[in-house]
Amino acid sequence: MGKILTEQQIEQYHDDGFVGPIRVMSEDEALTVKAKIEEAEKAFPEEFNPENRNNLHLTFLVLDELAHNSVVVDAVEDLIGPDISLWSSVMFIKDPSTDHFVSWHQDATYMGMNNSDFLTPWIALTPSTIEMGCMAMIPGSHKQNIRQHEDTFAENNILTRVKLSKMLKSRRLLT
Ligand SMILES: O=C(O)CCC(=O)C(=O)O
């Protein structure tokens with residue numbers, strides 16, 4: 001048994017490449033966090049548009065607190081040990097009644113990693129259901145090599161790497 005995860009959950013993480021759900025906070029707390037984020041989004045819409053939603057924990061306290069959530073950090077410690085650093089954060093805001101989607105990818109590629117020696121905590125602040133746009137994973141795919149990724153620049157794709165490349169292309173900083 002780890003600090004948060006059971007032996008079975010730790011085994012599941014190694015077998016499937018992911019583990020969940022893990023209760024990180026109450027529904028009320030999650031809705032409070034969500035309300036604070038929405039408030040920040042209203043006040044700073046530019047910061048929260050899909051091209052800019054990276055590393056907002058550096059500028060918004062509510063996201064910094066989320067990044068330091070002790071349940072999340074302890075669960076990460078159960079999986080990779082106590083020597084932990086945060087590489088980056090990204091928000092996938094799935095507004096209702098939009099055609100937005102996140103295309104299939106391996107996190108390493110769009111985070112600029114060249115191996116799989118890291119993990120990603122994914123924190124849902126609303127119910128994580130198919131209708132709400134929950135994340136999908138392919139069990140066992142973490143055991144494969146990092147694959148070649150193709151940027152399609154699909155209009156409604158909110159995967160950050162795609163949007164970032166699109167922005168760089170439009171500014172002629174990427175060919
Ligand atoms: O929320 C999603 O659909 C994808 C999230 C994701 O790719 C990630 O957290 O690394």
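For clarity, every value in this text was computed on a predicted model and none was experimentally measured. As the structure lists them, so they are numbered: ligands from 1, and atoms in each ligand from 1.
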Tested for side chain to side chain contact (heavy atoms under 4.5 Å, CB included) against Tyr13, the lone hit among Leu5, Leu119, Asp78 is Leu119
If you scan protein heavy atoms around atom 9 (O) of ligand 1, the nearest is Trp122 CD1, 3.2 Å
Test item: side-chain donor near acceptor, Glu29 and Thr32, under 3.5 Å | no
A student checking ligand 1 against Val102 at a 4.0 Å heavy-atom cut-off should list atoms 2 (C), 3 (O), 4 (C)
In terms of its nearest heavy atom to atom 1 (O) of ligand 1, the top option of Lys94, Met91, Met135, His105 is Lys94
of all protein heavy atoms, closest to atom 8 (C) of ligand 1 is Tyr110 OH, 3.6 Å
Residues pairing under salt bridge (charged side-chain N to carboxylate O under 4.0 Å, His left out) where one sits in residues 34-44, two or more places apart or in two chains, turn out to be Lys34-Glu38
Do Phe92 and Leu159 make a side-chain contact, defined as non-hydrogen atoms from C-beta onward lying under 4.5 Å apart? yes
